[in-house]
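One structure is given here, and the rest of the page talks about it.
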Amino acid sequence: IEYPEIEEGTTPRHRFMSSIEQKIEPWDKKYLYLLFAAEPYEVISFKEIKQGALVAAPDLQHVPNVEVDKTGNKFFSYWEPDKKTYTLQ
């Protein structure tokens with residue numbers, strides 16, 4: 001994600017959120033959200049369905065649902081301050 005106007009000294013953040021935590025759509029335990037935040041931008045949200053099937057969701061993108069393994073080199077996040085680009089893989 002590119003953040004060309006990010007506030008100086010700010011690092012983007014990401015977060016996984018359950019459906020019950022979000023307040024935009026009715027709660028549905030089938031869904032999980034991936035959020036990205038950086039000032040002064042609005043939060044970017046990706047929505048996934050836990051069974052792996054995609055469903056219609058206005059203004060939300062879908063990501064495949066796999067268990068996040070943060071051990072070893074499988075989970076990678078990096079902020080490149082010179083290019084103002086945030087990577088999550």
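- A perpendicular orientation is assigned to the rings of Phe46 and Phe36, their planes being inclined by more than 60° (bins at 30° and 60°).
- Put simply, OG1 on Thr10 and NZ on Lys84 are 10.0 Å apart, with the number rounded to the nearest 0.5 Å.
- Ile1 is connected to Tyr41 through a chain of hydrophobic side-chain contacts under 4.5 Å among Ile, Leu, Val, Met, Phe, Trp and Tyr, so both are in one cluster.
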- Task: List the steps and the verdict of side chain to side chain donor-acceptor pair (under 3.5 Å) for Glu5 and Tyr3.
- Result: CA-CA 6 Å; Glu5 298 176 19; Tyr3 291 108; over 6 Å; no

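- The aromatic rings of Tyr33 and Tyr31 lie tilted to each other, with the angle between the two planes from 30° to 60°.
- Using cut-offs of 30° and 60° on the angle between ring planes, the pair Trp79 and Tyr86 is tilted.
- Between Glu2 and Lys83 there is no salt bridge, since no side-chain nitrogen of the basic residue lies less than 4.0 Å from a carboxylate oxygen of the acidic one.
- Under a 4.0 Å N-O distance rule, the pair Arg13/Glu39 does not qualify as a salt bridge.
- The structure places CD1 of Ile44 at 13.5 Å from NE2 of His14, a figure rounded to the nearest 0.5 Å.
- The neighbour count for Glu42 CD, taken as heavy atoms of other residues, nucleotides or ligands under 6.0 Å away, does not exceed 12.
- Rounded to the nearest 0.5 angstrom, Ser19 OG and Lys47 NZ are separated by 7.0 Å.
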- Might you work through the side-chain contact (heavy atoms from CB on, under 4.5 Å) test for Leu88 and Phe76, ending with a clear yes or no? CA-CA 6 Å; Leu88 179 69; Phe76 175 78; over 6 Å; no

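- Between the CG atom in Leu32 and the CZ atom in Phe16 there is a gap of 7.0 Å [rounded to 0.5 Å].
- Atom CZ of Arg15 is separated from atom CG of Leu35 by 6.5 Å, given to the nearest 0.5 angstrom.
- For the atom pair Ile6 CD1 and Thr11 OG1, the distance stands at 6.5 Å (nearest 0.5 Å).
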